[in-house]
Amino acid sequence: MNIVIVDDDFLVTAALKTILEASKRVTVLGTGTDGTDAVKLYRQFQPDILLTDIQMKTKSGLEATEEIRKDFPDAKILLLTTFSDDEYIVKALKLGAKGYLLKQDYEGILPALEAVASGQTVFGTEIISKIPELIHNQNKFDYTAYDISQKELGIIRLVADGYSNKEIASELFLSEGTVRNYLSTILEKLNLRDRTQLAVFYYQHR
């Protein structure tokens, strides 16, 4: 199995190369230190699998994954990180990564590579337990994409529940004028005309 390893920690790269090549089942064609290297090395070697860190300077492993898979849709990329971060897991799934493992699980890396090489998608035990909930949560509307803050979202919910400006002000310990200002900003961000449209919008995107 021919692979490329990319990680901004030279010690991690060296350790992985040593461990994997000692198995006699893996040949490391090249190593790099950031996402730019990942893209370059993948184009150069087109390995069976790219094993890459996620958080790196200049270009992340996720950005490299997206760029590589545009030109090589069948690319097998296994992401490696020290963080079991929900956002990273979701992005990895969306980008078509073949796996997401924690670096701490050194013993699981070779079996994971072999599984990916055979066409499977692999995730560490800690990560697998999160996937159903994460996929479910992705069906919810992403208000942050519209720069809606948590306080603004709270106001939207109260409007949808039929609260008047006065009642919202009392509930959130704000002045009515402040509530009106919040509503104007919210309507502008969501490109809506009035609080009725806002309430309908909220229930359509629950």
Side-chain angles (χ1 to χ4, degrees), residues 1-138 142 145:
M1 181 192 328
N2 295 322
I3 73 167
V4 164
I5 302 173
V6 178
D7 195 297
D8 59 0
D9 187 327
F10 293 103
L11 293 177
V12 170
T13 303
L16 287 173
K17 187 175 187 295
T18 300
I19 292 169
L20 294 173
E21 290 195 323
S23 71
K24 306 298 183 183
R25 287 177 280 176
V26 174
T27 299
V28 178
L29 300 176
T31 62
T33 59
D34 66 13
T36 301
D37 287 342
V39 174
K40 180 180 177 181
L41 289 168
Y42 193 91
R43 292 182 188 282
Q44 180 181 350
F45 294 112
Q46 293 185 37
D48 297 317
I49 301 172
L50 166 64
L51 179 62
T52 179
D53 188 16
I54 288 183
Q55 282 198 328
M56 298 180 288
K57 296 178 181 178
T58 309
K59 182 178 289 187
S60 72
L62 289 170
E63 290 171 322
T65 297
E66 183 173 18
E67 186 172 339
I68 290 168
R69 283 182 55 81
K70 281 181 181 177
D71 293 336
F72 302 92
D74 296 326
K76 294 177 179 176
I77 301 173
L78 183 57
L79 296 166
L80 199 58
T81 184
T82 54
F83 302 99
S84 176
D85 186 282
D86 292 355
E87 183 181 355
Y88 289 158
I89 296 169
V90 171
K91 285 184 179 178
L93 287 166
K94 285 183 175 179
L95 292 173
K98 294 299 181 183
Y100 182 111
L101 299 174
L102 299 181
K103 288 183 184 179
Q104 298 91 314
D105 185 21
Y106 273 100
E107 291 182 357
I109 292 175
L110 179 57
L113 286 169
E114 292 177 329
V116 169
S118 69
Q120 298 178 50
T121 298
V122 297
F123 291 90
T125 304
E126 180 181 344
I127 293 164
I128 286 174
S129 64
K130 290 186 173 189
I131 290 176
E133 179 184 353
L134 292 174
I135 292 174
H136 172 72
N137 287 341
Q138 284 307 294
D142 183 12

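The distance from the CG atom of Leu79 to the NZ atom of Lys98 is 12.0 Å, given to the nearest 0.5 Å. Rounded to the nearest 0.5 Å, atoms CD1 (Ile77) and CD1 (Ile3) are 13.0 Å apart. A distance of 11.0 Å separates CD of Glu21 from CG of Leu16, quoted to the nearest 0.5 Å. Note that CG of Leu50 is 12.0 Å distant from CZ of Phe45, once rounded to the nearest 0.5 Å. Taken from CZ in Arg43 to CD1 in Ile68, the straight-line distance is 8.0 Å, to the nearest 0.5 Å.
The closest side-chain heavy-atom distance from Ile5 to Val12 is not below 4.5 Å. Here the side chains of Lys59 and Thr36 are in contact, with some heavy-atom distance below 4.5 Å. For the pair Ile54/Tyr100, a side-chain contact is recorded, criterion being any heavy-atom separation below 4.5 Å from C-beta on. Inter-residue side-chain proximity for Arg69 and Lys76 is flagged as unmet; no heavy-atom pair is nearer than 4.5 Å. The closest side-chain heavy-atom distance from Leu51 to Val4 is not below 4.5 Å. Taking the side chain as every heavy atom from C-beta outward, Asp8 and Asp53 approach each other to under 4.5 Å. Contact check for Leu101 versus Leu78: side-chain heavy atoms found under the 4.5 Å cut-off. Between Thr52 and Leu80 the shortest side-chain heavy-atom distance does not fall below 4.5 Å.
Listed by chain and residue number, Met1, Ile49 satisfy the side-chain contact (heavy atoms from CB on, under 4.5 Å) test with Ala117 (two or more places apart in sequence, or in another chain). Taking the side-chain contact (heavy atoms from CB on, under 4.5 Å) definition, one finds that Ala115 meets it with Gln120, Val122, sequence neighbours left out. Not a single side chain to side chain donor-acceptor pair (under 3.5 Å) links Lys40 to another residue, sequence neighbours left out. Take Asp37 and apply the side chain to side chain donor-acceptor pair (under 3.5 Å) test, not counting sequence neighbours, and it matches Thr33. Not counting sequence neighbours, the partners of Gln44 by the side-chain contact (heavy atoms from CB on, under 4.5 Å) test are Leu41. The side chain to side chain donor-acceptor pair (under 3.5 Å) test applied to Asp74 returns no partner, not counting sequence neighbours.
Minimum heavy-atom separation, Glu67 to Val39: OE2-CG1, 3.6 Å. For the pair Ala64 and Gly35, the tightest heavy-atom approach, listed with the atom from each and the gap, is CB-O, 3.6 Å. Looking at every heavy atom in both residues, Val26 comes nearest to Leu20 through CB-O, 3.6 Å.
Of the possible donor and acceptor atoms, none in the side chain of Ser23 sits under 3.5 Å from a partner among the backbone N and O of Ile19. Using modelled atom types, one side-chain atom of Glu63 and one backbone atom of Ser60 make a donor-acceptor pair closer than 3.5 Å. Judged purely by atom type and a 3.5 angstrom limit, Asn2 has no side-chain atom pairing as donor or acceptor with the backbone of Pro47.
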Practice item. For Leu95 and Leu62, run side chain to side chain contact (heavy atoms under 4.5 Å, CB included): C-alpha distance rounded to whole Å, both residues' side-chain angles, the deciding distance at 0.1 Å, then the answer. Key: CA-CA 8 Å; Leu95 292 173; Leu62 289 170; 4.0 Å; yes
